[in-house]
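Here's the structure, in structure tokens; my notes come after.
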Amino acid sequence: MFLKQTVPSFLIFLAVMLWTSVASAQWLSDEQAIMGTSVRVEVWSDNKTKGQQVITKVMAEMRRIDRLMSPFKTDSELTKINNLAGSQPVKIGQELMNLIDKSLSISKKTKGAFDITFASAGFMYDFRQKKHPSQASLKKVLPSINYRHIQLNRKKQTIFFKNKGVKIDLGGIAKGYAVDLGIAILKKNNIQHGIVTAGGDSRILGDRKGRPWFVGIRDPRNRQGLVAKLPMRDEAISTSGDYERFFEENGVRYHHIISPKTGKSVDYMRSATVLGPDATTTDALSTSVFVLGARKGLTLINNMPGFEAVIINKQGTMLYSNGFENLAPATN
Ligand code: ADP
Ligand code: MG
């Protein structure tokens, strides 16, 4: 008698619990302007309040990275380094030390195509004000563009620039790094499906509940159009393009991806997309492949297991790495 009555009520209780948790599970998202770009977080959560709190935490983390690494904020650690490291070793926090170290290893891997000292010339451009350096002023700063000028001292926790004119800018890697930190926060808070995007850098956690996420590669010459849609799960993707920050003058397109050899905007590419396990690396590699150009860029990626690339060259032709042999064109 006792069992007959309690077992069904227990089962009903379980069913109701299950139903309410499934019924309240949902996609939650938010988008905010941070780091000079648009940051978007979307998660699948069975608790609305908790899900929204996690998104807020990710946004706060993005703001922290911006405060630390922005070259425009006068009180950022990066600005302090740029002001002082040309004349003396400067104390540097562990996090910036690690990211600069990672940048240097990518510089070596890409034979200097990726080089955070591009900023020695980069600071003379202002894409909003349509400002670019003259040939003469470029010539003066070119010797300062060389990642080998950067000296990190792990023991003393300092950074020093061996050339006085050196400036650094982490714009080619910091957004991807921030995206990885965002994904780490999602994981720590038991989120199993989600996406964190900062401008051209995204990382996906899990799948989109039983199906892949589809991430579009934009048509560099048509704001609304896509050239491909890639199915993804548990992966990062970064795109560098000549259409994000640019202006044109006398038929020349001045944009934010700079060849460390010339100090000028790269003029032989429209976009470079790299896929891989983490966004810090795909971010730096998309900038690198853009600077290397199609042939050298694809050779680099084809020699890196776990990474793939899609390139759109100056002629508008799409080229891709070996893992993409069956890439289907986008239908819209
Ligand atoms: P975004 O997501 O801002 O479009 P990208 O990944 O395309 O960023 O990288 C462009 C940014 O990288 C530039 O705004 C600049 O800060 C930085 N950058 C430009 N040229 C280089 C280079 N040769 N090496 C490293 N960083 C670069
Ligand atoms: Mg990049």
Side-chain angles (χ1 to χ4, degrees), residues 33-40 62 65-66 69-72 76 78 82 99-100 102-128 132-133 141-142 144-150 166-180 196-203 217-218 220 236-247 254-276 279-293 296-297 300 309 311-312:
I34 311 174
M35 299 188 292
T37 192
S38 163
V39 172
R40 188 168 181 280
M62 300 283 182
I65 295 301
D66 191 35
M69 303 185 184
S70 167
F72 306 111
S76 73
L78 188 106
N82 275 338
L99 198 59
I100 292 172
K102 166 96 180 171
S103 300
L104 294 178
S105 75
I106 303 236
S107 296
K108 283 182 203 132
K109 207 171 175 55
T110 62
K111 299 204 167 70
F114 186 84
D115 190 332
I116 58 174
T117 69
F118 84 92
S120 314
F123 83 96
M124 292 191 286
Y125 290 86
D126 188 328
F127 302 101
R128 269 190 216 143
H132 65 86
V141 297
L142 269 189
S144 299
I145 304 183
N146 190 336
Y147 65 93
R148 294 181 189 85
H149 292 322
I150 301 174
V166 171
K167 298 268 179 283
I168 59 170
D169 183 337
L170 294 167
I173 190 167
K175 283 198 277 285
Y177 175 65
V179 164
D180 282 339
V196 178
T197 298
D201 304 295
S202 297
R203 183 162 162 190
I217 299 181
R218 270 177 47 193
I237 179 166
S238 295
T239 297
S240 296
D242 69 354
Y243 49 84
E244 285 292 346
R245 249 159 277 184
F246 77 97
F247 64 93
Y254 295 91
H255 66 86
H256 66 149
I257 303 167
I258 307 290
S259 160
K261 278 190 195 142
T262 62
K264 294 181 185 173
S265 304
V266 168
D267 65 359
Y268 39 83
M269 294 276 279
R270 289 186 186 174
S271 84
T273 298
V274 174
L275 288 87
T280 311
T281 312
T282 57
D283 187 5
L285 286 178
S286 71
T287 311
S288 307
V289 169
F290 196 102
V291 175
L292 284 168
K296 286 185 189 162
L300 172 79
I311 287 170
I312 299 169

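One-based numbering, in listed order, for ligands and for the atoms of each.
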Is there any N or O on [X] that sits under 3.5 Å from an N or O of ligand 1?
X	answer
G172	yes
F118	no
F114	no

Considering only heavy atoms of [X], which atoms of ligand 1 have at least one such atom less than 4.0 Å away?
X	result
K175	1 (P), 2 (O), 3 (O)
S240	5 (P), 6 (O), 7 (O)
D115	22 (C), 24 (N), 25 (C)
R245	3 (O)
D283	6 (O)
D169	16 (O)

* Take every heavy atom of A113, measure it against each atom of ligand 1, and state whether any distance is under 4.0 Å. => yes

* Asked: Is it true that P260 lies under 4.0 Å from ligand 1, counting heavy atoms only?
  -> yes

* **Aromatic ring proximity H255/F290, centre distance under 6.0 Å** => yes

* Is the centre of the Y254 ring less than 6.0 Å from the centre of the H132 ring? -> yes

* Between G171, S271, S103, flag the one that comes closest to atom 8 (O) of ligand 1 by a heavy atom. => G171

* Asked: For atom 1 (P) of ligand 1, which of M35, H256, E244 has the closest heavy atom?
  -> H256

* Asked: Is the side chain of T117 donor-acceptor paired with the backbone N or O of N146 at a distance under 3.5 Å, no angle test?
  -> yes

* To do: Answer yes or no: is there a donor N or O on one side and an acceptor on the other, between the side chain of T287 and the main chain of D283, under 3.5 Å?
  => yes

* Take T197 and S202, measure what side-chain hydrogen bond (donor to acceptor under 3.5 Å, both in side chains) needs, and give me the verdict at the end. => CA-CA 4 Å; T197 298; S202 297; 2.9 Å; yes

* Rounded to the nearest 0.5 Å, what's the gap from NZ on K167 to CZ on F118? Could you check? => 13.0 Å

* Name the one of T282, T280, T281 that satisfies side-chain hydrogen bond (donor to acceptor under 3.5 Å, both in side chains) with D180? -> T280

* Hey, are the side chains of I150 and L104 touching, using non-hydrogen atoms and a 4.5 Å cut-off? -> yes

* Can you find a side-chain donor-acceptor pair between S238 and D201 that sits under 3.5 Å? -> yes

